[in-house]
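So the structure is just underneath, and the comments pick up after that.
Side chains included, hydrogens not; waters and symmetry mates left out as well; all remaining heavy atoms used. Here the structure is a predicted model, which is why all the values come from computation and not from measurement.
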Amino acid sequence: MSPPHGRARVADGLFVRRTRGRSCLRRPSAPCPRRSRGGVHTGPAARRTRNATLDTATAGVVNPGDTQEPRPVRPTPTRFLALRIDAALVGQEYAALTGRPPESTVRFDFALDLAKPKGRAVWLLVRSLLEQLDSGDPLFQRAELQRGHVRRIVTALLLAQPHSHTDELRDGPRPGHPRPLRAALAFIEANLAGRITLGDIAEAAGCAPRTISSALRDRLGLSPMAYVRNLRLDRIRQDILATTDNVGTVAYRWGVSHLGRFADDYRGRFNELPSGTAARR
């Protein structure tokens, strides 16, 4: 069952919008798979714009900074389904696949062929999420389930759709993390809502603080505490989008003790204040 015209839902970093008629979809802040019946006038800044026709067999992926102007091909009613995915989620799933964060923003090719097996797999995952959201079942409204499903969509998109880092994925992931680093990452994940120090991470890893710091910088490009901060901010952002709780409640739930410093860190990572994220729910 489709929601009424203009209604939007948010699911753990995924903004879902269905529209009918001559509707204009907002510029996304992250890669945006789009399924529609009509034409899209699109193009990144400082480049020549181009036209593309989308239909039930072709979706479009719009990258950060691109502009788009959906226009129905015919004057008859036209449906658009837009999914806006947080760029942070794309980076996280890329890192999970390769063992390191992307050196630059992942930029996808525009046309996603839904008739081919890989494109069809992406669409099946999206359709499954929409059916869950539409079901009204409280179980499917839980952030834990939504988070896992959205991550699968992003992973499928990274593996199915050509993009600026496709060759790195074809090379395969780096060898698995060494045991101390795996132990450190598992400890961080399990204790992210509490107070974590470098000493705690080193103790969990069974090595000296300097050793685990070097390992994390070499593998993930971040210091241990920067990794903790970024992961915590990502979880907070996901929960702000996925729940109706106020920002302070979400931040405290994830171990934030100083809201002013948190707001500064959040703006530095996402280029907006937490209140700006909450306003899009």
Side-chain angles (χ1 to χ4, degrees), residues 8-16 26-31 64-65 84-96 100-102 104-106 141-151 154 181 184-205 209 212-213 215-217 219-281:
R9 284 191 177 95
V10 173
D12 192 13
L14 185 74
F15 181 88
V16 180
R26 291 180 294 179
R27 176 185 298 182
S29 59
R84 187 177 64 193
I85 302 169
D86 274 348
L89 285 177
V90 177
Q92 289 172 25
E93 295 312 302
Y94 176 90
R100 61 191 184 279
S104 59
T105 301
V106 176
Q141 309 308 313
R142 293 186 63 91
E144 299 92 330
L145 291 180
Q146 293 177 359
R147 182 179 298 126
H149 201 125
V150 172
R151 285 179 174 174
V154 174
L181 183 54
L185 296 179
F187 173 82
I188 292 170
E189 186 74 41
N191 296 276
L192 194 59
R195 184 174 181 271
I196 299 177
T197 67
L198 177 58
D200 296 331
I201 298 171
E203 183 177 355
I212 195 60
S213 294
L216 227 153
R217 288 182 186 277
R219 291 285 180 146
L220 300 180
L222 294 168
S223 70
M225 299 316 298
Y227 178 85
V228 170
R229 182 188 65 246
N230 287 352
L231 186 60
R232 183 173 283 152
L233 289 171
D234 292 343
R235 294 288 191 270
I236 290 172
R237 182 180 179 84
Q238 291 164 10
D239 276 5
I240 290 174
L241 290 171
T243 71
T244 58
D245 296 339
N246 65 57
V247 170
T249 298
V250 174
Y252 286 132
R253 185 161 64 230
W254 284 103
V256 170
S257 58
H258 192 290
L259 288 180
R261 189 179 306 120
F262 155 70
D264 289 340
D265 290 342
Y266 191 97
R267 180 165 52 187
R269 182 158 178 75
F270 302 115
N271 200 32
E272 68 176 356
L273 289 170
S275 57
T277 303
R280 299 202 307 274
R281 293 190 292 202

Please enumerate all residues that pass side chain to side chain donor-acceptor pair (under 3.5 Å) together with [X], with sequence neighbours excluded.
X	answer
S104	H165
R253	D245
R217	none
N191	none

Working to the nearest 0.5 angstrom, can you tell me the gap between [X] [atom1] and [Y] [atom2]?
X	Y	atom1	atom2	result
R229	L231	CZ	CG	11.5 Å
R84	R280	CZ	CZ	4.5 Å
E272	R237	CD	CZ	4.5 Å

Got a sec, which residues hit side chain to side chain contact (heavy atoms under 4.5 Å, CB included) with [X], two or more places apart in sequence or on another chain?
X	result
A186	none
A204	F187
A184	I201, A205, I212
E203	none

[X] versus [Y], closest heavy-atom pair with distance:
X	Y	result
I236	A251	CD1-CA, 4.1 Å
P224	L198	CG-CD1, 3.7 Å
I196	M225	O-CE, 3.3 Å
V228	L192	O-CD1, 3.9 Å
A215	L181	O-CD2, 4.1 Å
Y227	L216	CB-CD2, 3.9 Å

Checklist outcome for this item: R235 meets the salt bridge (Lys or Arg N to Asp or Glu O under 4.0 Å) criterion, sequence neighbours left out, with E189

Next on the checklist: For D200, give me all partners under salt bridge (Lys or Arg N to Asp or Glu O under 4.0 Å), at least two apart in sequence or on another chain.
Outcome noted: none

Next on the checklist: Taking CZ in R267 as the centre, count heavy atoms belonging to other residues, nucleotides or ligands within less than 6.0 Å. Is the count above 12?
Outcome noted: no

Item to check | Candidate pair F270 and D234, rule side chain to side chain contact (heavy atoms under 4.5 Å, CB included), full reasoning | outcome: CA-CA 9 Å; F270 302 115; D234 292 343; 3.3 Å; yes

Checklist entry - Does the side chain of T249 come within less than 4.5 Å of T243's, by heavy atoms? => result no

Name the atoms and distances for all side-chain donor-acceptor pairs under 3.5 Å in residues 254-263, with sequence neighbours left out.
from, atom 1, to, atom 2, distance (Å)
W254, NE1, D239, OD2, 2.8
H258, ND1, G260, N, 3.4
H258, ND1, R261, N, 2.9

